[in-house]
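Here is the structure we will look at, set down as C-alpha cells.
Naming convention: chains lettered A, B, ... in sequence-line order (proteins, then strands); numbering from 1 in each chain.
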There are 2 protein chains.
Amino acid sequence: MKVLSNASNYGLRALLYIVSRKKQGDAYVSLREISEELDISFHFLTKTMQLLTQGDVLVSYRGPNGGIALKRPAEEIMLIEVVKILEGHDFFDTCMLGLEGCDDCNPCPVHHLWKEIKGKVKHDFATTSLAMMGQRIVSENLRLVP
Amino acid sequence: MKVLSNASNYGLRALLYIVSRKKQGDAYVSLREISEELDISFHFLTKTMQLLTQGDVLVSYRGPNGGIALKRPAEEIMLIEVVKILEGHDFFDTCMLGLEGCDDCNPCPVHHLWKEIKGKVKHDFATTSLAMMGQRIVSENLRLVP
DNA sequence: CCGATTTAAGACTATTTTATCTTATTTAAT
DNA sequence: ATTAAATAAGATAAAATAGTCTTAAATCGG
Ligand code: SF4
Ligand code: SF4
C-alpha cells in the first residue's frame, strides 16, 4: 500500500532531517549532505527540493556554504502542504476506484469506507507540523533512514 | 492519493458487478460483458481475472456461454483477499516512508500516524465481503462506472 | 466433424515514474 | 580575476505500470 511517491518520501524525510539536524546554526543545509545522510540520489533530491523551493516551503542559496533552508517557521509548515506540492493539490481529494464526478450523493460502493479513511489521512497530515515531528525525532531518537 | 493499482480497481469492480448483476441465473458471466459494462479494456481485464482464478476466488469456463463465476459464496470473499491477490500479499503491511526493518520498537517519525491508518484500512477490507457490497449496490443503486 | 465462442497465455507497445547525467548559473573565498 | 562550491535546469536512460495484440486451447451447438 504505497500512498506516497518517492518524491514525497524523499521530500518529507529531507525536511524532517533539516528540522531535527544535530548540527544547528548553519543558515543553509547542503543537498549533498542531505542526500548522503539519508541515502537518497543527489540529483533526484535536487529536483524534489526545487519543487519545494518554488512551492514556498524552502529558500535556496547557491555558492559555497549555500544550500536550502525553511522559508517559514517549522511550526507553520504542515505535512499536508509538502505533500500537496509534490503530489499535486488534489492528492487528498482523489478516490479509491477512480471514478469521476462523484460526491456523497452519487457514490460508488466503497465511498463511505474510503471517505472515512481519506478524511483521517487528510486530517492527520493537516494537523502535523514539521516542528512537531522534529521534536519527536530528537526526543525519541527516531530514524529517517533504513 | 492512489492506493490501488488499476488491476485491483478493475478486479474489485468486476467482482462487484458480478454479485450485483441484474440478470441473474447464468452460471457464468462473460468477460466481454463485464469489460463493456464497466468500460474496462477487455484484454487487461482478462489478465486480471486470470489472477483471481488462479487465486481461488473465481472459476472460469471456456466456450460458448462460458465466462467466470465466484468459486465460493460471496459472503466468504472479503475485499482484502482480492486485493492481496492483485497487489501482493504484503500490501497491507507496507509503510509510508518505505524504510526497512522497522517495527514498533524501531519506528520512523510517521510510524504512529501510519500505523493507525494502515490498521483501519486493513480492518475495513478484512471485514467487508463481496456480498455486503453487492447488497448495498442493489438496494442503494450504487454505480460501478464513471 | 466444423465453426463459432470464450478464456488462457504470452509477446509487444505505450505511458508514467524513478533515476542518472550533463551543462549552466550563482556565490564565496582567495 | 580565478577557482571551487553549490543549486538550477533540462536531456537522457532505466524500470515499473498500464494497455494492446496475437495465438492457443477449450467448449458448445449444429
Ligand atoms: S464514490 Fe468516492 S470512493 Fe467511489 S470513486 Fe467516487 S470519490 Fe472515489
Ligand atoms: S516505521 Fe512504520 S511508517 Fe515508518 S517506515 Fe517503518 S513501517 Fe513505515
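The hydrophobic cluster containing Ile40(B) does not contain Tyr28(B), counting ILVMFWY residues as joined when their side-chain heavy atoms lie under 4.5 angstrom apart, directly or transitively. At a threshold of 4.5 Å between side-chain heavy atoms, the hydrophobic network of Ile, Leu, Val, Met, Phe, Trp and Tyr places Met132(B) and Leu70(B) in two separate groups. Residues Leu51(A) and Leu15(A) share a hydrophobic cluster, clusters being chains of Ile/Leu/Val/Met/Phe/Trp/Tyr side chains in contact below 4.5 Å. By the rule that hydrophobic residues join a cluster once side-chain heavy atoms approach within less than 4.5 Å of another member, Val59(B) and Val82(B) end up as members of separate clusters. Hydrophobic clustering keeps Val138(B) apart from Val29(B) (ILVMFWY residues linked when any side-chain heavy atoms are closer than 4.5 Å, directly or through intermediates).
Here the side chains of His111(B) and Leu142(A) are not in contact, with every heavy-atom distance at 4.5 Å or above. Between Ile68(B) and Tyr61(B), the closest side-chain pair of non-hydrogen atoms is not below 4.5 Å. A 4.5 Å side-chain heavy-atom check between Ile137(B) and Tyr17(B) finds every atom pair outside the cut-off.
We find that CD of Glu87(B) is positioned 16 Å from P of dA16(D), with the value rounded to whole Å. A straight line from CG of Asn9(B) to P of dT17(D) spans 16 Å, rounded to a whole angstrom.
Taken over five-pair windows at either terminus, the axes of the helix from dC1(C)-dG30(D) to dT30(C)-dA1(D) are inclined to one another by 0° (rounded to 10 degrees).
At a cut-off of 3.5 Å, with distance as the only test, no side-chain donor of Glu76(A) or Ser129(A) sits close to an acceptor on the other residue.
The main-chain N or O of Asn106(B) is found under 3.5 Å from a side-chain atom of Arg143(A) such that the two form a donor-acceptor pair. A donor-acceptor contact shorter than 3.5 Å is absent between the side chain of Trp114(B) and the backbone of Pro109(B).
For residues 118-127 of chain B, the set of pairs meeting the salt bridge (charged side-chain N to carboxylate O under 4.0 Å, His left out) definition, not counting sequence neighbours, comprises Glu116(A)-Lys120(B), Asp93(B)-Lys122(B), Lys120(B)-Asp124(B).
Distances shorter than 4.0 Å separate none of the side-chain N or O atoms of Asn6(A) from OP1 or OP2 on dT17(C). Within the structure, a side-chain polar atom (N or O) of Tyr10(A) is placed less than 4.0 Å from OP1 or OP2 of dA19(C).
Listed by chain and residue number, nothing satisfies the salt bridge (charged side-chain N to carboxylate O under 4.0 Å, His left out) test with Arg32(A) (two or more places apart in sequence, or in another chain).
Using a 4.0 Å cutoff on non-hydrogen atoms, the parts of residues 30-42 of chain A near DNA chain D are Ser30(A), Leu31(A), Phe42(A), ordered by number. A heavy-atom distance below 4.0 Å to DNA chain D is reached by these residues of residues 59-74 of chain B, ordered by number: Tyr61(B), Arg62(B), Gly63(B), Pro64(B). Taking a 4.0 Å limit (strictly below) on heavy-atom distances, residues 43-57 of chain A reaches DNA chain D at Lys47(A), Gln50(A), Gln54(A).
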